[in-house]
Chemist: 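Right, I'll just put the structure down here and ask away after.
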4 protein chains.
Amino acid sequence: MAPRRVDRAARREEILAAAVRVFARRGFAASRIEDVAAEAGIGKGSVYLYFSDRDELLEAAFAALAARSAALIEEALAGTGDPAERLEHLVRSVVAVLLGERDLARVLLDVWSVGRGGRPPVDMAGFYREYRGAIAMLLADAADSGAGPTVEPVAHAAVLVGAIEGCVLQWLFDSSLDLAGLVDPLLQLLIPARAKGRNP
Amino acid sequence: MAPRRVDRAARREEILAAAVRVFARRGFAASRIEDVAAEAGIGKGSVYLYFSDRDELLEAAFAALAARSAALIEEALAGTGDPAERLEHLVRSVVAVLLGERDLARVLLDVWSVGRGGRPPVDMAGFYREYRGAIAMLLADAADSGAGPTVEPVAHAAVLVGAIEGCVLQWLFDSSLDLAGLVDPLLQLLIPARAKGRNP
Amino acid sequence: MAPRRVDRAARREEILAAAVRVFARRGFAASRIEDVAAEAGIGKGSVYLYFSDRDELLEAAFAALAARSAALIEEALAGTGDPAERLEHLVRSVVAVLLGERDLARVLLDVWSVGRGGRPPVDMAGFYREYRGAIAMLLADAADSGAGPTVEPVAHAAVLVGAIEGCVLQWLFDSSLDLAGLVDPLLQLLIPARAKGRNP
Amino acid sequence: MAPRRVDRAARREEILAAAVRVFARRGFAASRIEDVAAEAGIGKGSVYLYFSDRDELLEAAFAALAARSAALIEEALAGTGDPAERLEHLVRSVVAVLLGERDLARVLLDVWSVGRGGRPPVDMAGFYREYRGAIAMLLADAADSGAGPTVEPVAHAAVLVGAIEGCVLQWLFDSSLDLAGLVDPLLQLLIPARAKGRNP
DNA sequence: GATGAATGAGGGTTCATTCAT
DNA sequence: CATGAATGAACCCTCATTCAT
């Protein structure tokens, strides 16, 4: 039915993974298509059989990351349990993904740099807008559920998203920073409802 | 016998300002030396009379920003009043600087991208380490001063610094985001001591 | 699966030959990589697939000439016949090579100019030292073989080598000068042993 | 009568001397006008008050050398004593000049390289033609005067001139070569008439 | 499909030369 | 006269992209 379809997709993934490793190492600006091909163990020209141009590699890397985040957000929004708990789970999951794939996380730096101006395939503004929207919704629900936040949900969401991204940023520059260990403080400070439960 | 007189430092600043505008507009990677020269209203070759190469423009832009932050941090540490108050002032000042110079702030995205790996002139790891250290100190002092944070100061500082950078990040992608309006929520959430005073 | 097949060494030689023609015409300093590429009938960038930079073209040209000289010297030293005869043959061969490849000979002028200071790949001092050494050896042998030279072999060798290079030099500036016709006078004056045989 | 004339000429000489030192050090191709100005202790623009462009510096350097040679040749031709003796004196003087001004001699390498093609101000072909002509004349006179050279004067002259230039060439690459010590062997081999007198 | 030789637009950088002071 | 800041033509070299095999 789909004789070679899997192969093609798998090969594309292999190349993308190679690209991510190279970008993480040298940065996107200093990474040549040839470096990516070499890392993937294929010929330079073959990259073009799977990606239309150099930028598409970066876009695909971001898309992969964005897709994961979107899935986690989706899951958090679709959940039915305690909103604060779902929010906490979301934050932990997002950080866990980045911790688990440092190379991919590092590419974020390049994506941010290139994504300036919201050029279509890398619409950072939209991405963060949705991210904040989802979290604001969870925060609002959590507020309804009992805990009393004194901060307006949308602003609160921006701060929460910012804190996550900002902690990741610091960790990207300094791997000795214990990102995993920052999650609890972050949650404690920014999701008071949960914090209460954990710190009687 | 009478060489043309030029204020080298002033001219250098002019060129740097032009570079910052260009980088903010197109991103560092897409900015040509010629664009910078045109923006500064001078010839391409003249840029090299003040900067040894293209990278130095980016480094100088970052240095300018880092110097301002360092000065604000210095001021906060050297202050004698209420630690929480000084911390709040620091946060407000840092954000105010970025709000006042959006172009310069935008260049941060490029600096982050290029600064990966901590190449000497753009030592992001060191920069954030000091930033966190100063804030941790203020947080610790604030804790002594009365208010009782339950979070370990260094982690708290990382979250606070992260929140600032992360909010700025979002604002850089989406100028419709009200960064100024995020400062109060941010302070309220992350400097409880102050928050208490303001939200009885 | 079937990459284009190219004989790299052959292509390199083609480009080098083109470079030699161009250098001979305009001089190395005034020759652009693009001129060389055009002369070779290829694109500018292709030159860099075979030579790492412009200087390498000059070095390769000299290396080609030096290799020939070295082979001739080797041959003369390894020979077993009459030393004076072998020396005469060496001189005739060296001049014949230059006569046969005027363009290559002309590049010598650029090599001499650039080779000042003995930068590694163009070690003129070493080249001439060996050249003199070999000739001194042959001269010494010739002296033993009978004819009585009154001149110390090493100095004699320097004068002989100098005369060859100096005659070539004059011919390079003035192709109407009959270099081939200078070989006999040169030999007669500088290899007395042979001269005797020829001028009873 | 000539109020500032001496100053102007003297200044020009100073700059030329500085240029010669710089060219000798780095080679003409790698020497910038600014290097010459710095060596002369003047401003870059001032060089242009005495030389119309960069090439003129090289031409002037060669002209200085050529003028000395011409004077020596003139003197030798105009002399009245023994032709062989005058020839020997000429050779000794020419070498002495170069030995005394190694920097100027080194510039010869650049002059040879640039002078290719006989561009007007640096007419190497003509220079060597006259040089050979004068020497051929002296050789012919010497032959008449008694000694019996078997070699045709013009070819003999080319070999003699070549030997001088070629010995200088080797010395330029290798200052450990004793150029002064080569003069006697050179004379002995190439001016037989004199040689006889000295080696009974 | 896969490859890598070939290409040439592009951009960083240098430096001879000019000219206002 | 002297200067050195300014200029921009020139040129080296890189590398994304193409395409014949």
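As a basis for the values below, the full set of heavy atoms in this structure was taken, side chains included, without hydrogen atoms, waters or symmetry mates. Keep in mind that this is a model prediction, so the values were computed, not measured. Below, chain A is the first sequence line, B the second, and so on; all start at residue 1.
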Chemist: So, does the side chain of Lys44(B) form a donor-acceptor pair with the base of dT13(E) at under 3.5 Å?
Modeler: yes

Chemist: Taking 4.0 Å as the cut-off, does a side-chain nitrogen or oxygen of Arg32(C) come that near to OP1 or OP2 on dC12(F)?
Modeler: yes

Chemist: Please report the distance, rounded to the nearest Å, between CG in Leu49(B) and C1' in dT13(E).
Modeler: 12 Å

Chemist: For Glu34(C) and dC11(F), what is the distance between atoms CD and C1' respectively, to the nearest whole Å?
Modeler: 9 Å

Chemist: Let me spell it out: for each of Arg11(B) and Tyr50(D), pick the nucleotide of DNA chain F with the closest heavy atom. Which residue's pick is nearer the 5' end?
Modeler: Tyr50(D)

Chemist: Closest nucleotide of DNA chain F for Gly45(C) versus for Gly45(B): which of these residues is on the 5' side?
Modeler: Gly45(B)

Chemist: Roughly how many Å is it from CG in Asp53(C) to P in dT14(F), rounded to a whole number?
Modeler: 9 Å

Chemist: Establish, for the pair Arg54(D) and Tyr48(D), whether the NZ or CZ atom is under 6.0 angstrom from the six-membered ring centre and no further than 45 degrees off its axis.
Modeler: no

Chemist: Check whether Arg8(B) reaches the backbone of Leu49(B) with its side chain - one donor and one acceptor, N or O, closer than 3.5 Å.
Modeler: yes

Chemist: Can any side-chain N or O of Arg106(C) pair as donor or acceptor with the backbone N or O of Leu172(C) at less than 3.5 Å?
Modeler: yes

Chemist: Both distances under 3.5 Å, Watson-Crick or G-U wobble: report the partner of dA6(F), or none.
Modeler: dT17(E)

Chemist: Whole angstrom is fine here: how far is it from CZ in Arg12(D) over to P in dA2(F)?
Modeler: 14 Å

Chemist: Ignoring the backbone of Ser46(C), work out which of dT3(F), dA6(E), dC12(F) is nearest its side chain.
Modeler: dA6(E)

Chemist: Can you tell which of dT7(E), dT14(F), dT3(E) lies closest to the side chain of Tyr48(C)?
Modeler: dT14(F)

Chemist: Over how many whole Å does the gap from Phe51(D) atom CZ to dT18(E) atom P extend?
Modeler: 16 Å

Chemist: Do the side chain of Asp110(A) and the main chain of Phe28(A) share a donor and acceptor less than 3.5 angstrom apart?
Modeler: yes

Chemist: Is the ring centre of Phe127(B) less than 6.0 Å from the ring centre of Phe173(A)?
Modeler: no

Chemist: Taking for each residue the nucleotide of DNA chain E with the nearest heavy atom, is it Ile33(D) or Arg54(B) whose nucleotide lies nearer the 5' end?
Modeler: Arg54(B)

Chemist: Provide, to the nearest angstrom, the distance between the CD atom belonging to Glu14(C) and the C1' atom belonging to dA6(E).
Modeler: 14 Å

Chemist: Provide, to the nearest angstrom, the distance between the CG atom belonging to Asp55(B) and the P atom belonging to dG11(E).
Modeler: 16 Å

Chemist: May I ask you to say what Ser31(B) touches in the nucleic acid, namely base, sugar-phosphate or nothing, with a heavy-atom cut-off under 4.0 Å?
Modeler: sugar-phosphate

Chemist: Using whole Å, what does the distance between atom C1' of nucleotide dC11(F) and atom CG of Asp35(C) come to?
Modeler: 11 Å

